[in-house]
There are 4 protein chains.
Amino acid sequence: MTKSKKQVQERFSPSRERLHELIFEADTPLGKLFDIILMIMIIASIIVVSLETVDGYARQYGDVFTILEWIFTIFFTIEYVLRLYAVYKPIKYATSFFGVIDLLAILPSYISIFIAGTHSLMIIRALRLLRVFRIFKLGSFLTQGETIVKALKMSRAKIGIFMFFILLSVSILGAVMYLVEGEANSGFDNIPLSIYWAVVTLTTVGYGDIAPVTALGRFISAALMILGYSVIAVPTGIITGDMMKASSEDAENENNELHSHDRTNTQACRYCSYEGHDDDAKHCKYCGEVLNAVAEIDDMAAS
Amino acid sequence: MTKSKKQVQERFSPSRERLHELIFEADTPLGKLFDIILMIMIIASIIVVSLETVDGYARQYGDVFTILEWIFTIFFTIEYVLRLYAVYKPIKYATSFFGVIDLLAILPSYISIFIAGTHSLMIIRALRLLRVFRIFKLGSFLTQGETIVKALKMSRAKIGIFMFFILLSVSILGAVMYLVEGEANSGFDNIPLSIYWAVVTLTTVGYGDIAPVTALGRFISAALMILGYSVIAVPTGIITGDMMKASSEDAENENNELHSHDRTNTQACRYCSYEGHDDDAKHCKYCGEVLNAVAEIDDMAAS
Amino acid sequence: MTKSKKQVQERFSPSRERLHELIFEADTPLGKLFDIILMIMIIASIIVVSLETVDGYARQYGDVFTILEWIFTIFFTIEYVLRLYAVYKPIKYATSFFGVIDLLAILPSYISIFIAGTHSLMIIRALRLLRVFRIFKLGSFLTQGETIVKALKMSRAKIGIFMFFILLSVSILGAVMYLVEGEANSGFDNIPLSIYWAVVTLTTVGYGDIAPVTALGRFISAALMILGYSVIAVPTGIITGDMMKASSEDAENENNELHSHDRTNTQACRYCSYEGHDDDAKHCKYCGEVLNAVAEIDDMAAS
Amino acid sequence: MTKSKKQVQERFSPSRERLHELIFEADTPLGKLFDIILMIMIIASIIVVSLETVDGYARQYGDVFTILEWIFTIFFTIEYVLRLYAVYKPIKYATSFFGVIDLLAILPSYISIFIAGTHSLMIIRALRLLRVFRIFKLGSFLTQGETIVKALKMSRAKIGIFMFFILLSVSILGAVMYLVEGEANSGFDNIPLSIYWAVVTLTTVGYGDIAPVTALGRFISAALMILGYSVIAVPTGIITGDMMKASSEDAENENNELHSHDRTNTQACRYCSYEGHDDDAKHCKYCGEVLNAVAEIDDMAAS
């Protein structure tokens, strides 16, 4: 294993190591700067894509938008190629979560040359912003996020059952309202529409595009709302309870181990593209690859 | 007792025993397969009933829908008859919760031959999906569901009082708004309508089909919303508190007994149709009937 | 004291004592029957008042409604007079909470003879239903209700501050939206209207009768909603916390004292009209009057 | 230090000291009276500004409103000048939070002479009402408010992440709905509008000014609502949990220290304008200035 790694490492020039550090990690000032510029470009590109769909702006600044869009796309394309070049196993990066997102973020621009109207899909670039947590070493944020995720996982089964019953109630209520209101009210023309209405009502969104008009329909709706309002407090109750459990468990763990900030190390393995290494790690815990190659090269050069 | 059971058992051929196992239980691969096919057919039948009410689809695929509907109905009818045949006391099954649902699921099709427009009632088939928990042995789901039900039961009295006061407030507010808005606004034409509006507002659904237009009416509404918003947090608070109590009690029980998964045994007694037996039960705990007759028969054949 | 009571008691015939027991208490079968009939009449009278405002019904059953209304009014009037007659100090009953409600429940009918359109005020009769807790000895309900009231009292200060900030935000946001949307949108014609809109939005009622139409207005609204949605979780959090505290305190008290059901004794003092006596009380704890006079008279007659 | 303070103090006549006590503090009956009159004038002035925007009232009472407005403005201007005069370092007061608010509260009136339509900004006077807590020594209210603020601070990170994901979801959903509904529905004309719709839906406000009309759009909306409804319980859960933690920590602190009411002392330093001194403080804890100069002068005069 050590041998094969050595071989791979020998194929890599120091500049390629530095490139990896620059675009994948955020430990060095340059690496951080790169990531911040990237974030700004992503946000700018999302704003441009959004504004382009507004008639008034499109007519006035249409050309500016198109140019900006292509600048962003070319920048992201170069970045994507560099990312592929900077890792040992490009295929591993390309199939990772962020690898797929990075590709999906540039594809719509090229597809829109052939198929009109697809460039709104570029909004998928927003997902690239998820990297923000890694860049700013938002450790406490991540831990908090994990508490939320943990609470949601603990609540999964309960929320699953809850949704199953919501779906059942909504289907049956939709059918009942279709029978009651169907003839008098074009909003309850068919059962799927009535089910849509039931969802809009139960979740208290209440657009009002469809509303009961018959006395019986209104009575059933009011009963549904009052009952629903009391019962629908359930998911809040579930999540609150599990959130408090999860958060007290976390507090205990923190007292015992005290390494919550370790999770935000921004090292990314050049070999297998995995992240999430400890701060004192020298080798990737998944494939054994040396992690901080640039520092090593610098050390060698210094000695 | 043992004697009478023996007699009943003797009347049953092994094939009938196997039929019971096939359609009532989900322990054997075949039994599970049967249940999964059943679930799929129920869902498909609900979708067909729903789509049939959509004008566009009805015109285009009307005949297909009708044929599919009758296929489902005939399948469910045969299944219902087989269920009656597979138990010792058909009347016990027929009057059980699922027995009634199973019958209600097929009746609308036959009634719709004589009375037009009733086949939307077929959506009641959705209730048959409640069997899903038994089929997939969703043990942890069931336990979680029990926690929810327990919390709702604990909250019952508090929610009852809460609803009583909601109904009182809504009635009085409805009458007040009828006096205030009645003349200027056709939405507050009569007290029942005003009460309907008060319910829609208090539950924050807010369709907007009825909305105050006079200055005084809007002032009262705004006061109602702000006050209501603070007070209406009550049911959430109630359920959260009781949910946490119920869930901590459950956690204690689990530690002591550790048989929460027992509850999902899919055995169903042939004699009295009761379910909910323990995994190691050999006899029905309600009537004493031997539970796993097929296995017994197989054992006898083997020996 | 004992002397003065004796004198009063001597003025009362046994039949008057029985009348008091009949209409004020619910311990004897007859007393309970009277209260149940009363409840039914109140509910029926509310329904009649409500339906009378519906055009269709009014035209068809107008006369029936008028007759029914007068029957109810006369019944309630007789009942009110009897209540005055059955207590030692009519003035004390007349100025008590239920005494005032009982009077307000019959006044609108008589006023409506002189001033048209006031009989909708009869809906105030709904408040008489609050007696329901006493009649059905809904002990556990009352205790639960007290927990809710306790939690609301504990939360009072926090909810007060919360509402103060809501009112401040809503005023300022209303003025801002008036400036932003005022010209383009008739819904934001003046500041009070804009404040009404802000309340409708912040409480997530969202009628849609007033909605922003300019880009900036929509942006501010969206920001308000997202921010508001997170912050507005506060009252729920406050009440949940205090509800749990209140309910755990109650649980402790119950363990120590175990007389929660005592609170629902339906005895009412003939002398001072106070209620809430313990089950084993022989004398009113407020004025010393003998409580269960009828039983005493019966005892005397028997001996 | 003592020397420089002495010098400053010598420049101040007793009447100026009394003026400071009158308008900045609320310990003396006169000081309290002044503050109450101020509060009433602020509220009256807000009501006048609001009503002035209502067409009907403006036409009828336009002149009265204008006169009242100028009376309020002149009163607030004099008050502002007196406040500047009553403190040692006017610049410190002028740049403090309340100093800025006090200035902003009078500026719009003067600006409106030159630029029409700006006087609605006077509503910013509402912020001056924040002083209410200090005037009425609403100690327990303040402590409660601190608990809320503490809980919100503890929840900050979690709510931050939550909002980040809300913004991401809303952007992506907006773009998806733009693609799905864009052509059939003028409400989804462009991505920013669709994002606005997604916010209105996710927060369950649901105006209904924009609502999906295509089958697919409605299906996506319904899925969004059901999912959103379960997940959106998260902020409530977060705040409830942290509120309970914060409130139990407060309860502990109170037991140990018992000086929660200290926080509402209304003394304000004449020198540095800081507030929040302890009840037994003789000198400003920020600059060392003598706090209760008037009492001192009275003492000197008495001796």
Side-chain angles (χ1 to χ4, degrees), chain C residues 155-162 164-165 167-169 171-172 174-176 178-179 182-183 188-195 200-213 215 218-219 221-234 236-242 244-245, chain D residues 46 49-55 57-58 117-118 120-124 126-127 129-130 132-133 138 140-145 147-148 151-152 155 159 162-163 166-167 170 192-193 195-196 199-200 202-210 232-233 235-244 247-248:
Chain C
S155 310
R156 203 179 29 193
K158 290 203 206 89
I159 288 180
I161 298 173
F162 179 73
F164 179 79
F165 281 103
L167 283 176
L168 264 190
S169 332
S171 304
I172 290 166
V176 168
Y178 164 73
L179 289 174
E183 271 168 52
F188 294 86
D189 245 8
N190 53 60
I191 291 182
L193 206 56
S194 303
I195 292 176
V200 169
T201 302
L202 249 189
T203 55
T204 78
V205 171
Y207 286 136
D209 53 344
I210 308 175
V213 295
R218 277 172 169 155
F219 182 78
S221 306
L224 163 69
M225 285 173 211
I226 292 188
L227 254 157
Y229 196 85
S230 302
V231 175
I232 227 151
V234 168
T236 309
I238 292 167
I239 290 174
T240 306
D242 289 341
M244 289 175 72
K245 258 193 237 165
Chain D
I46 293 168
V49 171
S50 298
L51 291 184
E52 211 182 358
T53 62
V54 184
D55 256 18
Y57 294 114
T118 57
S120 323
L121 287 170
M122 271 185 258
I123 207 119
I124 215 161
L127 285 178
L129 290 174
L130 287 171
V132 81
F133 293 109
L138 300 172
S140 72
F141 277 84
L142 265 195
T143 329
Q144 300 281 315
T147 309
I148 296 179
L152 286 178
S155 310
I159 288 180
F162 179 73
M163 278 198 188
I166 291 286
L167 284 177
V170 149
L193 206 56
I195 292 176
Y196 162 75
V199 172
V200 169
L202 249 190
T203 56
T204 77
V205 171
Y207 286 134
D209 53 345
I210 307 175
I232 229 152
T236 309
I238 293 168
I239 290 174
T240 306
D242 289 341
M243 190 81 71
M244 288 175 72
S247 121
S248 65

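Lettering of chains follows the sequences in order, A, B, ..., and the numbering in each one begins at 1. What you see is a predicted model, and the numbers here were worked out from it, not measured in a lab. The figures here come from the full heavy-atom set of this structure, side chains too, leaving out hydrogens, waters and symmetry mates.
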Result of checking V200(C), T204(C), L202(C), T203(C) against V205(D) for side chain to side chain contact (heavy atoms under 4.5 Å, CB included) = T204(C)
query = Do you know which of G182(C), P212(C), G174(C) has the most heavy-atom pairs with chain D at a distance under 4.5 angstrom?
reply = P212(C)
task = Would you check, one step at a time, whether the test side-chain contact (heavy atoms from CB on, under 4.5 Å) holds for F164(C) with L129(D)?
result = CA-CA 9 Å; F164(C) 179 79; L129(D) 290 174; 4.0 Å; yes
query = What are the two closest heavy atoms between D209(D) and A211(C), and how far apart are they?
reply = OD2-CB, 3.5 Å
ask   = About how many Å separate CZ of F188(C) and OG1 of T53(D), when rounded to the nearest 0.5 Å?
value = 12.5 Å
Part of V49(D) lying under 4.5 Å from any heavy atom of chain C = both
task = Side chain from CB out, backbone as N, CA, C, O: work out which of these in L193(D) comes under 4.5 Å of a heavy atom of chain C, or both, or neither.
result = side chain
remark   = In short, S50(D) meets P192(C) closest at the heavy-atom pair O-CD, 3.3 Å
note = Interface check, chain D: of A175(C), S194(C), S221(C), A215(C), most non-hydrogen pairs under 4.5 Å belong to A175(C)
message = Can you tell me which portion of I210(C) sits under 4.5 Å from chain D's heavy atoms? Options are side chain, backbone, both or neither.
response = backbone
ask   = Do Y207(D) and T201(C) have a side chain donor and acceptor closer than 3.5 Å?
value = yes
request  = Please assess N190(C) against E52(D) for the test side-chain contact (heavy atoms from CB on, under 4.5 Å), listing each intermediate value before the final yes or no.
outcome  = CA-CA 8 Å; N190(C) 53 60; E52(D) 211 182 358; over 6 Å; no
ask   = Which heavy-atom pair separates I123(D) from I191(C) by the least distance, and what is that distance?
value = CD1-CG2, 3.9 Å
query = In Å and rounded to the nearest 0.5 Å, what is the CG to CG distance from L127(D) to L168(C)?
reply = 6.5 Å
query = At their closest point, which heavy atom of I226(C) faces which heavy atom of M163(D), and how far apart are they?
reply = O-CE, 3.9 Å
